[in-house]
2 protein chains.
Amino acid sequence: MNLENTKAQMRKGVLEFCILSILSEDEAYVSDLINKMKDAKLIVVEGTLYPLLNRLKNEGVLEYRWEESKSGPPRKYYKITPEGKAMLDELKQSWQELITSVNSILSI
Amino acid sequence: MNLENTKAQMRKGVLEFCILSILSEDEAYVSDLINKMKDAKLIVVEGTLYPLLNRLKNEGVLEYRWEESKSGPPRKYYKITPEGKAMLDELKQSWQELITSVNSILSI
DNA sequence: TTTACTACTTTGTATTGCAAGGTACTGAAA
DNA sequence: TTTCAGTACCTTGCAATACAAAGTAGTAAA
């Protein structure tokens, strides 16, 4: 049995979706994202987010700006692009469809 | 944008969970599993399932028996073990928690 | 100038989904 | 008898990616 692993798989599946959703409400930098995810009981770490954000930026669904910080190095604030919003809308629908699919299997 | 990829990630996340759930109702061989998943609009292929079933068998959550077929080679029928049922129960709970987590992020 | 804190980045590893190709059994057609 | 079609299991190689861990660099206080 490898319960934690399987649970982790489920969390990974919705990671990009959640990040896009958070950034659709307000721009944020990595630390913000980690905290908001943690608030929703979804643990994610730096080493996961940096490459992921870069990937999403290269796909054109995110963009960023630098902002100076009073308490350390400058921060990279990410926000969603119009293309990203379009993608998020489709993902929301896919998410609902996935819930329907899984529930149909659970009730066989 | 890479919508299909992200949607695929979501599907992958629940794959093991769905297979366990299907096998908790009745034993099945690979072709059955592919069809039941397809019925629920979750596409999965042979090359994914064989290693996955083997993994789950090695973890002790599945077991199998051979059954002769009238129309070809013998089939490997998998079924869930008591340990697998215990895991499935926990995964059901995790799945509900994940829905709650994602919904909380969607409504930020 | 050293230490602490913060933040961004990269590297290496392990997992795993999947396309593609391989083996082998049955039964029907040539 | 040989060939072919259909079915089923299995393996190999590749690509994606989450994450631990280590690296770089900025600010500010001791």
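Hydrogens, waters and symmetry mates are skipped; everything else that's a heavy atom, side chains included, is used. Letters A, B, ... mirror the listed sequences (proteins, then strands); counts begin at 1.
Within a 6.0 Å sphere centred on NZ of B:Lys79, heavy atoms belonging to other residues, nucleotides or ligands number 12 at most.
A:Asp26 contributes atom CG, which lies 5.5 Å from atom NZ of A:Lys36 (distance to the nearest 0.5 angstrom). Separation of atoms CD1 (B:Ile34) and NZ (B:Lys38) is listed at 7.5 Å; rounding is to 0.5 Å. Rounded to the nearest 0.5 Å, atoms CG (B:Leu62) and CZ (B:Arg55) are 11.0 Å apart. One distance of note links NZ of A:Lys57 with CG of A:Leu52; it measures 12.5 Å at 0.5 Å rounding.
Residues B:Ser31 and B:Asn54 both approach DNA chain D. Their nearest nucleotides, taken by heavy-atom distance, put B:Ser31 toward the 5′ side. Along DNA chain D, the nucleotide nearest to A:Ala8 and the one nearest to B:Tyr78 differ in position, and the one closer to the 5' end is contacted by B:Tyr78.
Look at CE on B:Met10: it is 14 Å from P on D:dT17, rounded to the nearest Å. Rounded to whole Å, atom C1' of D:dA18 lies 12 Å from atom CD of A:Glu16. Taking atom CG of A:Asn58 as the reference point, atom C1' of D:dA16 lies 15 Å away to the nearest angstrom. The separation between A:Lys12 atom NZ and D:dA16 atom C1' is 11 Å, rounded to whole Å. If you take CD1 of B:Ile34 and P of D:dT7, they are 13 Å apart, rounded to a whole angstrom. Here the P atom of nucleotide D:dA18 and the CG atom of A:Leu53 are 11 Å apart, to the nearest Å.
The span of DNA chain C lying next to chain A, judged by atoms under 4.0 Å from heavy atoms, is bounded 5' to 3' by C:dT6 to C:dG17.
Closest to the B:Gln9 side chain, of the nucleotides D:dT17, D:dA8, D:dT11, is D:dT17.
Residue B:Asn5 has a polar side-chain atom (N or O) positioned under 4.0 Å from OP1 or OP2 of D:dT17. Under 4.0 angstrom from either OP1 or OP2 of D:dC9 there lies no side-chain N or O belonging to B:Tyr29. Here A:Arg55 reaches the OP1 or OP2 of D:dT17: one of its side-chain N or O atoms lies under 4.0 Å away. A close approach under 4.0 Å does occur between a side-chain nitrogen or oxygen of B:Tyr50 and OP1 or OP2 of D:dC9.
When the local axes at the two ends of the helix from C:dT1-D:dA30 to C:dA30-D:dT1 are compared, using 5 base pairs at each end, they differ in direction by 30° after rounding to 10°.
Under the 6.0 Å distance and 45° angle rule, A:Lys76 counts as a cation-pi partner of A:Tyr64.
The residues B:Glu27 and B:Arg65 are annotated as salt-bridged, a charged nitrogen and a carboxylate oxygen being separated by less than 4.0 angstrom.
Of the listed residues (A:Trp66, A:Tyr50, A:Tyr77), just one forms a ring-ring contact (aromatic ring centres under 6.0 Å, His included) with A:Tyr29, and that residue is A:Tyr77.
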Identify each atom pair where a protein N or O and an N or O of nucleotides 21-30 of chain D are less than 3.5 Å apart, giving names and distance.
| unit_1 | atom_1 | unit_2 | atom_2 | d |
| --- | --- | --- | --- | --- |
| D:dT27 | O3' | A:Lys70 | O | 3.3 |
| D:dA28 | OP1 | A:Lys70 | O | 3.1 |

